[in-house]
Amino acid sequence: MAFELPDLPYAHDALAASGMSKETLEYHHDIHHKAYVDNGNKAISGTEWEGKPVEEIIKGTYDPNAVAQNGIFNNASQYWNHNQFWEMMAPGGTGMPGELEKALVEAFGSVDEFKSQFAAAGAGQFGSGWAWLVKDTDGSLKVTKTENGVNPLCFNQTALLGCDVWEHSYYIDFRNKRPAYLDNFLNNLVNWENVASRM
C-alpha cells in the first residue's frame with residue numbers, strides 16, 4: 001500500500017488557542033509530513049517493501065546496531081509517527097478517562113509524576129526525536145525517548161502517547177523553549193481519550 005497523507009482530524013487553526021499555531025500545522029503537516037509520504041513512496045518503489053503495511057516496513061528495516069537508519073526506515077517511521085501524533089491531540093485537550101488515570105498512578109505514583117518524567121524525557125532527548133508513553137511487552141507502562149524517527153514499534157512496544165521534539169514541531173510557537181512546549185503539550189493539547197483507547 002502506498003503512503004498517503006492523512007487529513008488532520010481538526011482544522012489547521014483548531015489548536016491555536018491551546019498553543020499550537022495554524023502556521024505550525026501548515027508547516028508540520030502540509031510540508032514535513034507530506035515529505036515523509038512522498039520520499040517514503042519513492043524509497044519503497046520497486047523494493048520488497050512496496051505494498052507492505054507501514055508497520056511491517058518499520059520493523060523490517062530498523063537496524064538496532066546502526067547509528068543512522070536507512071532512508072526507507074526513516075521515512076516510513078516518521079510517516080507512522082506523525083499519523084499517530086495528530087490523533088494524540090485535540091482542540092483544548094480532553095479529560096483523562098478514569099482507567100487511564102488509574103493506570104498512570106499505578107505505574108508512576110501520580111499523574112503529575114508521569115507528566116514530569118515524560119517532559120524530562122522529551123527535554124533530555126539530544127537533538128531530534130520523540131518522547132513516548134508506551135505499554136511494554138510485559139504490559140507495564142513506561143516513559144521512553146527515541147532518537148530521530150525511531151518509535152516503539154521497533155521494540156515491540158505499544159505507543160500510547162508520543163510527542164515530537166524535532167524543532168519543526170515547536171520552534172514557530174516556542175522558539176528554543178522545548179520544556180515549555182512539552183508542558184503545554186501535556187496540559188493543553190493531549191487527547192487523553194485517544195491515549196486510553198490505545199491501552
Side-chain angles (χ1 to χ4, degrees), residues 4-30 32-33 36 54-55 77-123 125 129-136 139-146 149 151-153 157-166 168-174 177-199:
E4 295 182 1
L5 182 68
D7 292 332
L8 288 169
Y10 29 72
H12 283 79
D13 62 357
L15 305 182
S18 302
M20 187 171 285
S21 66
K22 178 181 179 182
E23 185 180 9
T24 288
L25 284 174
E26 288 173 342
Y27 275 95
H28 199 169
H29 173 270
D30 301 359
H32 287 280
H33 195 180
Y36 299 129
V54 64
E55 293 84 0
S77 63
Q78 281 288 75
Y79 167 68
W80 185 89
N81 290 352
H82 286 82
N83 286 354
Q84 313 310 309
F85 187 51
W86 312 132
E87 299 288 343
M88 292 168 172
M89 295 184 288
T94 64
M96 184 179 292
E99 69 272 19
L100 175 59
E101 183 176 0
K102 180 181 177 183
L104 291 174
V105 170
E106 288 178 354
F108 300 99
S110 69
V111 172
D112 284 345
E113 178 59 24
F114 152 69
K115 288 182 177 181
S116 177
Q117 290 187 30
F118 188 95
Q125 172 55 44
W130 292 75
W132 302 97
L133 170 67
V134 303
K135 183 165 68 173
D136 211 345
S140 64
L141 300 188
K142 295 179 179 176
V143 166
T144 66
K145 61 183 178 180
T146 57
N151 65 47
L153 292 176
Q157 298 167 328
T158 301
L160 303 181
L161 178 64
C163 186
D164 187 345
V165 295
W166 287 58
H168 61 241
S169 190
Y170 61 88
Y171 223 82
I172 290 171
D173 301 316
F174 292 91
K177 297 179 177 67
R178 188 190 288 183
Y181 157 75
L182 286 156
D183 180 69
N184 184 73
F185 173 78
L186 288 165
N187 292 305
N188 299 314
L189 286 168
V190 175
N191 183 345
W192 296 110
E193 293 174 0
N194 180 272
V195 177
S197 74
R198 296 166 179 267
M199 294 183 65

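On a predicted model such as this, the values are computed, not experimentally measured, just so you know. Position 1 is the first residue of the sequence; numbering continues from there.
When each of H168, H12, H33 is checked for a side chain to side chain donor-acceptor pair (under 3.5 Å) with H28, only H168 meets the rule.
Side chains of T24 and D173: a donor on one and an acceptor on the other come within 3.5 Å. Under 3.5 Å, the side chains of R198 and Q84 contain a donor-acceptor pair of N or O atoms.
Ring orientation note: the planes of W86 and H29 are nearly perpendicular, at an angle over 60° on the 30°/60° scale.
Looking at heavy atoms from C-beta onward, N191 lies out of side-chain contact with M89 at the 4.5 angstrom threshold. Side-chain contact between L186 and L161 is present, with at least one heavy-atom pair separated by less than 4.5 Å.
Rounding to the nearest 0.5 Å places CD of E26 at 9.0 Å from CG of D13. Remark: Q125 CD to L182 CG distance equals 11.0 Å, nearest 0.5 Å.
Taking the six-membered ring where the residue is Trp, the centroids of Y181 and Y170 are separated by under 6.0 Å. Checked against the 6.0 Å centroid criterion, the rings of W130 and H82 qualify as a close aromatic pair. A distance of 6.0 Å or more separates the ring centres of H32 and Y27.
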Report the C-alpha separation of L104 and M96 in whole Å, then their side-chain angles, then the decisive distance to 0.1 Å, and conclude whether the side chain to side chain contact (heavy atoms under 4.5 Å, CB included) test is met. CA-CA 11 Å; L104 291 174; M96 184 179 292; 3.8 Å; yes

